[in-house]
Amino acid sequence: MRNKSLMAVLAALGVMVFAAGCSGKTPAETEEPAIQAEEEEAETPEEEPKEEPAALTEEEEQDLYNLYIKVNNSMLDSVSSSLTKYFDYIEYQEEFVKPENGYFCYSVSESYFEDLDKADALVAKKEEKSEMDEAYLALSPLIRELGTVLNEVDAYTDEDSFLEDDYAKGAELHAEVWKNCEAFEIASMDFVNVLNGVASEQRAEDMEMMKEEGYVVTYALVKMISTAQEIQQAIYEQGIEDNSMMLELDTEALQPLYDQYMEEVETVLAYLEDEEALRNEGYPTQSAYYVSFKEAAENSAEELKEIFRKVAEQEAPSDFTISNAFMVDGTISGFDSKVSAMVTDYNRMISY
């Protein structure tokens, strides 16, 4: 598995929630039949009737779609970033090799597993599974198991427990991580590709609706993020997998998207200064998400400018990259981090 390039590809395929958000409801639990204690002869209790698969309601279908988006974005923020951090320290191979100076990975939040539970419950109710459903069903057990074992690694390394057992448990946990890596790469790419196609179709429909109903701010925000993701995808399609290949980037081919993106960022930044327009469309201008969204948008444009400059001057990116939403270093991973932050903060703003 080319873990670095996989994470870059996944980052390019983050998607946005457009509906009101997930209801958080799960199918009601049925009560188990009471077993009478006083019987002359033991009887085998009847099995509880199972709910027959059926078509979901329109609301449930929307809930499931939004859960797929949340699972995708959580996969970027939690599982993928945790794996990347893990393999920053541990050799990417089946055999576990002790790191020189200890190691750690990021934890996977409890809400991540809750979203998986909700999505599993809803998709299980469906009689006819879509391509999106099948892709999710192939991915769900893998990311659940990976999330679980990564949390075990986090707990194991949190207090340097590897010093007490000379990495013995670390080797066991590595075997659990490793056995799912290749399957995770295949299933995650299948899932995000199908979801990206579905999301693109819905995005186009929603954007038409935005224009028709006069949601000029929302249209500008979504259009800007959409163009950023087009740039990410175009970079990947050129075969540029990470920062080490950045100077091979064909910036001339990207120039139309670059020019379009710079214009859209300027449009969005102007709207972000117009509190009345923002309030009219329900945006929480005082929230931290609004502030961080604005910073990520500004820095994404600066990141892209720096990338184009470095490619033009053939200035290699430094070995130490920042890759966060608040600082610019002119790298592919830096641009990806800004776009990921914009997607995350947009989703949080509309759910605020």
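Note on Ile307 and Met245: same hydrophobic cluster, where clusters join Ile, Leu, Val, Met, Phe, Trp and Tyr whose side-chain heavy atoms are under 4.5 Å apart, directly or indirectly. Connection of Val268 to Met262 is established within a shared hydrophobic cluster, with ILVMFWY side chains joined at heavy-atom distances below 4.5 Å, either directly or through further cluster members. Ile186 and Val177 are members of different hydrophobic clusters when ILVMFWY side chains are connected at heavy-atom separations under 4.5 Å. In this structure, Leu142 is not a member of the same hydrophobic cluster as Val194, with clusters built from ILVMFWY side-chain heavy atoms closer than 4.5 Å. The cluster map of Ile, Leu, Val, Met, Phe, Trp and Tyr, joined by side-chain heavy atoms under 4.5 Å apart, puts Tyr89 and Val149 in the same cluster.
Remark: Lys211 NZ to Tyr219 OH distance equals 4.0 Å, nearest 0.5 Å. How far OG of Ser107 is from OH of Tyr112: 12.5 Å, rounded to the nearest 0.5 Å. Distance check: Ser140 OG to Tyr68 OH gives 9.0 Å after rounding to the nearest 0.5 Å. Between atom CE of residue Met224 and atom CD of residue Gln229 there is a gap of 10.5 Å, rounded to the nearest 0.5 Å. Between the CD1 atom in Ile235 and the CD atom in Glu230 there is a gap of 12.0 Å [rounded to 0.5 Å]. Here the straight-line distance linking atom OG1 of Thr344 with atom CE of Met349 works out to 11.0 Å at 0.5 Å rounding.
For Tyr92 and Trp178, the ring centers are positioned less than 6.0 Å apart.
Residue pairs meeting the ring-ring contact (aromatic ring centres under 6.0 Å, His included) criterion with at least one partner in residues 239-271, sequence neighbours excluded, are Tyr258-Phe308.
Checked by atom type and distance alone, the side chain of Asp160 never pairs as donor or acceptor with a backbone atom of Leu163 at under 3.5 Å. A donor-acceptor pair is defined here as one N or O able to donate and one able to accept, closer than 3.5 Å; no such pair exists between the side chain of Glu303 and the backbone of Lys338. Under a 3.5 Å cut-off, the side chain of Ser161 and the backbone N or O of Thr157 do not form any donor-acceptor pair. A donor-acceptor pair under 3.5 Å is absent between the side-chain atoms of Asp154 and the main chain of Leu150, judged by distance alone. Proximity of a side-chain donor or acceptor of Thr84 to a complementary backbone N or O of Ser80 within less than 3.5 Å is detected. Looking only at distances, a side-chain donor or acceptor of Ser300 sits under 3.5 Å from a matching main-chain atom of Ala297.
Taking the charged nitrogens against the carboxylate oxygens, Asp166 and Lys98 do have a contact shorter than 4.0 Å, which makes a salt bridge.
Annotation: Glu94, atom CD; neighbour count of heavy atoms from other residues, nucleotides and ligands within 6.0 Å does not exceed 12. The environment of CD in Glu159 is sparse: at most 12 heavy-atom neighbours from other residues, nucleotides or ligands sit within 6.0 Å.
The ring-ring contact (aromatic ring centres under 6.0 Å, His included) test applied to Tyr167 returns Phe162, not counting sequence neighbours. Phe293 is linked by a ring-ring contact (aromatic ring centres under 6.0 Å, His included) to nothing, counting only residues two or more places apart in sequence or in another chain.
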Worksheet item: Do Tyr283 and Thr218 pass the side chain to side chain donor-acceptor pair (under 3.5 Å) test, and can you show the C-alpha distance, the side-chain angles, and the key distance before you say yes or no?
Response: CA-CA 9 Å; Tyr283 285 98; Thr218 302; 2.8 Å; yes
Discussion item. Checking Glu295 against Asn299 for the side chain to side chain donor-acceptor pair (under 3.5 Å) test, could you report, in this order, the C-alpha distance in whole Å, the side-chain angles of both residues, the deciding distance, and whether it holds?
Written reply: CA-CA 6 Å; Glu295 291 180 350; Asn299 289 337; 5.7 Å; no
